[in-house]
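Whatever order the structure lists them in is the order used to number ligands and atoms, beginning at 1.
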Amino acid sequence: MAKIRTRFAPSPTGFMHVGNLRTALFAYLAAKSQQGTFVLRIEDTDRERLVEGAEQVIYQTLKTVGLTHDEGPDIGGAYAPYVQSERKDSYLPYAEQLVKEGKAYYCFCSKERLDSLHDEHGLGGYDRHCRDLPQEEVQKLLEAGMPYVIRQKMPVEGSTSFDDAVFGHITIENKEIEDQILLKADGYPTYNFANVIDDHLMDINCVIRGSEYLTSTPKYSRLYEAFGWEVPQYLHLPLIMGKNEDGSVSKLSKRHGSTSFAGLQAEGYLAEAITNYIALLGWSPKGNQEIFSLAELVENFSVDGISKSPATFDYDKLTWMNGEYIKNMDNESFLKHAMPYYQEIFGTETKDGDVLQSILQKRITKFSEIPAILSFFKTLPDYSAEFFINKKSKTNLENSPAMIEEAIAVLENLPNWELNTIHDSLIALAEKLVVKNGTLLWPVRIAAAGTLVTPGGAMEILLLLGKEESLNRLKLALTKF
Ligand code: GLU
């Protein structure tokens, strides 16, 4: 058996959609889990849909998530070129070959005529008007320079079947298959034609793509057959749905949330978490493990784990997964991601990054949550004295002012503003006052933060606020009673 060769064949028409990235990932995993080759091919024959910069987005995204291709436009390979517009001249001879063999024909129908057909039937199907034009007429029109397309002659009776590794054996009535265009009037091949020619010429033996291509696949099979080429293994991936507010699901779209890799990244999701989550959209690992590095995905991936039922993109699950990735980060990466957000709050000098890390790392599911969680450092909220009342800590409006006053006296005299010093002095104070630690620390924390829920405790908050601001806030608290 030949080694598996898969390809990712995006059209540079915009952002990298979640569905595209999943196709890339599965094509990569299928190849790498079987020591095969993963090819990148840029499909840019639809010149009207090209978007400037989109090709760079493809390279950049694959690089960021670590889907390294073995062959492609930027690195070359034995089957170069890997951009369809650079292969433009190679398609015509194949189309002409089919014309010569009576399997395809020139079609001179004008746009107006085709549009009127759409109007009449409302189906958009071609009525095969030029399929049986006499040879002399074809010749005359060609010589007169009439614009033409080349269409494939599809059988009008019987059916076409193919096998898909996920969706099984599929049969379509031939009367539903249009005489598809192979070569357009601008000389470019259609996507349908070019992808078959290239998959064949590039020895792609496993074609992986989204299930929206399932209905076109009989057309591709008919092309392989017309040329007498071996049909590759087809593997279509299930649809990706989004959850609607009323609990129903529909095809994933912007109203469900970000649908592109860049959009998800901008929302604070990490590349590794996005990749890990996307791997589970349609593929189920054997055990219960859900967190997989790319290398672990390669190790565990198997085509039998792919399901044909639609997969639902669950943003909450992705958020949870992102939090898991954050929890497992080492200090250096955590600080690298968190620092820009710290700077928003504390200015450029953040010497206590590690204290911040200790109070945030287990708590956040996205780095972008940091400014909101830390906002009380920047501006003291206008809080209510009720916050000082806490049953468990045995604090109330009567004992809190005294606790705060005692804390001020101790903190004012500290020789330095370090976590240990602040900690030890407050614990000693609680002991001296013969109160629970909480009875002292609750009012101090509320006074320092002005909010009930805080990352970290009183001591970390005092440290991060600095001595002067801490004392100001504690003194201000005394005016609340
Ligand atoms: N160029 C097509 C797309 O971007 C590729 C489909 C395929 O993989 O064959 O959707």
Undergrad: What residue and heavy atom of the protein are closest to atom 5 (C) of ligand 1, and at what distance?
TA: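 Protein heavy atom at minimum distance: Ala9 O, 3.0 Å.
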Undergrad: Which residue and non-hydrogen atom of the protein lie closest to atom 4 (O) of ligand 1, and at what distance in Å?
TA: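 Protein heavy atom with the smallest distance to atom 4 (O) of ligand 1: Ser11 N, 3.2 Å.
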Undergrad: Any carboxylate oxygen within less than 4.0 angstrom of a Lys/Arg side-chain nitrogen, looking at Asp203 and Arg5?
TA: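 The answer is no: the pair does not qualify as a salt bridge.
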Undergrad: Within the distance-only criterion (no hydrogens, no angle test), does the side chain of Glu101 pair as donor or acceptor with the backbone N or O of Leu98 below 3.5 angstrom?
TA: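 Not at all, since once roles are kept as given, no pair shorter than 3.5 Å links the two residues.
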Undergrad: Can an N or O of Arg209 be found at a distance shorter than 3.5 Å from an N or O of ligand 1?
TA: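 In this structure, Arg209 places an N or O atom under 3.5 Å from an N or O of ligand 1.
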Undergrad: Starting from atom 8 (O) of ligand 1, locate the nearest protein heavy atom and write down its residue, its atom name and how far away it is, to 0.1 Å.
TA: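 Looking at atom 8 (O) of ligand 1, the protein heavy atom closest to it is Arg7 NH1, 2.7 Å.
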Undergrad: If hydrogens are left out, which of Tyr234, Tyr220, Tyr213 has an atom nearest to atom 3 (C) of ligand 1, that is, the closest non-hydrogen atom?
TA: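 Ranked by closest heavy atom to atom 3 (C) of ligand 1, first place is Tyr213.
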Undergrad: Which of the atoms in ligand 1, numbered in the order shown and given with their element, are less than 4.0 Å from a heavy-atom of Pro10?
TA: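 Counting from 1, the qualifying ligand atoms are 4 (O).
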Undergrad: Would you say the side-chain atoms of Asp164 pair up with the backbone N or O of His236, donor to acceptor, closer than 3.5 Å?
TA: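 Yes, the answer is positive, given that a donor and an acceptor are paired below the 3.5 Å cut-off.
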Undergrad: Give a yes/no verdict on a cation-pi contact between Arg151 and Tyr126, requiring under 6.0 Å between NZ or CZ and the six-membered ring centre and an angle within 45° of the axis.
TA: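 Yes, a cation-pi geometry holds between Arg151 and Tyr126.
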Undergrad: Have Gln265 and Tyr269 got a donor and an acceptor in their side chains that come within less than 3.5 Å?
TA: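 No - no donor-acceptor pair under 3.5 Å links their side chains.
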Undergrad: Any idea which atoms of ligand 1 are less than 4.0 Å away from a heavy-atom of Tyr191?
TA: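 Here the atoms of ligand 1 in question are 1 (N), 2 (C), 5 (C), 6 (C), 7 (C), 9 (O).
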Undergrad: Taking the cut-offs as 6.0 angstrom to the six-membered ring centre and 45 degrees off its axis, would you call Lys88 and Tyr188 a cation-pi pair?
TA: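 Positive - Lys88 is close enough to the ring of Tyr188 and near enough to its axis.
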Undergrad: I need the atoms of ligand 1 closer than 4.0 Å to a non-hydrogen atom of Glu43, numbered in the order shown.
TA: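 Per the distance check, 1 (N), 2 (C), 5 (C).
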